[in-house]
Amino acid sequence: MGRDTIADIITSIRNADMNRKGTVRIASTNITENIVKILLREGFIQNVRKHRENKNFFLVLTLQHRRNNKGRYRTLFNLKRISRPGLRIYSNYQRIPRILGGMGIVILSTSQGIMTDREARLERIGGEILCYIW
């Protein structure tokens, strides 16, 4: 059975955010690099650098955290995997869901590459819904 790299990076980022870790190390693939570029561009993470260890490449992500020390800790953002290897979810550009009325983003895998829901609507193309981020 193959590995789901998208679910792995989502889980790593979510766990690091819940445990107030400053950095996350994830495996570097073309898909993960494209998703991380979207997260960086949308402002969900602060910084990304590529790290090489032996023959393997890793991405080291610097997460943003809230500075409020009073009360209960709340995560900065939420991630949810939608399409998975056992059940693929596709959508045309007209039926791409809006997360929190446009406050969150949907990451899609299209024929033009991996992009956000806003970009897909502008290009008028649909694709596989990878995950929601809000």
query = Centre of Tyr93's six-membered ring, under 6.0 Å away, within 45 degrees of the axis: is that where NZ or CZ of Arg121 sits?
reply = no
task = Mind jotting down which residue pairs meet the salt bridge (charged side-chain N to carboxylate O under 4.0 Å, His left out) criterion with at least one end in residues 101-111? Sequence neighbours excluded, please.
result = none
message = Filter on salt bridge (charged side-chain N to carboxylate O under 4.0 Å, His left out), then keep only pairs touching residues 26-42, sequence neighbours left out; what's left?
response = Glu33-Lys50, Arg41-Glu119, Glu42-Arg118
query = Taking atom CD1 of Ile6 and atom CG of Leu130, what is their separation to the nearest 0.5 Å?
reply = 4.5 Å
message = If the condition is side-chain hydrogen bond (donor to acceptor under 3.5 Å, both in side chains), which residues does Tyr90 pass it with, not counting sequence neighbours?
response = none
query = Between Ile26 and Asp8, is any pair of side-chain heavy atoms under 4.5 Å apart?
reply = no
ask   = To the nearest 0.5 Å, what is the distance between CG (Asn30) and OG1 (Thr32)?
value = 7.5 Å
ask   = Is there a path of hydrophobic side-chain contacts, each under 4.5 Å between heavy atoms of I, L, V, M, F, W or Y residues, that connects Ile10 with Ile82?
value = no
query = Below 4.5 Å, heavy atoms only, C-beta onward: do Phe77 and Gln64 meet side chain to side chain?
reply = no
inquiry  = Test question: given the 4.5 Å side-chain rule for I, L, V, M, F, W and Y, name all other residues clustered with Met115, or answer none.
reply    = Ile125
query = Can any side-chain N or O of Arg81 pair as donor or acceptor with the backbone N or O of Ser83 at less than 3.5 Å?
reply = yes
ask   = Is Ile38 reachable from Leu61 through a run of hydrophobic residues whose side-chain heavy atoms are each under 4.5 Å from the next?
value = yes
note = Separation between CD1 (Ile13) and CG (Leu39), nearest 0.5 Å, reads 5.5 Å
query = About how many Å separate CZ of Arg25 and CZ of Phe58, when rounded to the nearest 0.5 Å?
reply = 4.0 Å
inquiry  = Please enumerate all residues that pass ring-ring contact (aromatic ring centres under 6.0 Å, His included) together with Tyr132, with sequence neighbours excluded.
reply    = none
I'd like a table of donor-acceptor pairs (distance under 3.5 Å, sequence neighbours excluded) in which one partner is a side-chain atom from residues 95-114, with atom names and distances.
residue : atom : partner : partner atom : Å
Thr110  : OG1  : Gln112  : N            : 3.2
Thr110  : OG1  : Gly113  : N            : 3.4
Thr110  : OG1  : Gly113  : O            : 2.6

message = Do Val24 and Val36 land in one hydrophobic cluster if side-chain heavy atoms of ILVMFWY residues count as linked below 4.5 Å?
response = yes
key: Separation between OG of Ser12 and CG of Leu59, rounded to the nearest 0.5 Å   = 11.5 Å
remark   = Of all heavy-atom pairs linking Leu40 and Val48, the shortest is CD2-CG2, 4.2 Å
ask   = Is there a chain of hydrophobic side chains (I, L, V, M, F, W, Y, each step under 4.5 Å between heavy atoms) that links Ile89 to Trp134?
value = yes
task = Salt-bridge test for Arg84 and Asp4: reply yes if a basic N is under 4.0 Å from a carboxylate O, no otherwise.
result = no
key: Rounded distance (nearest 0.5 Å) linking atom SG of Cys131 with atom CD1 of Ile9   = 7.0 Å
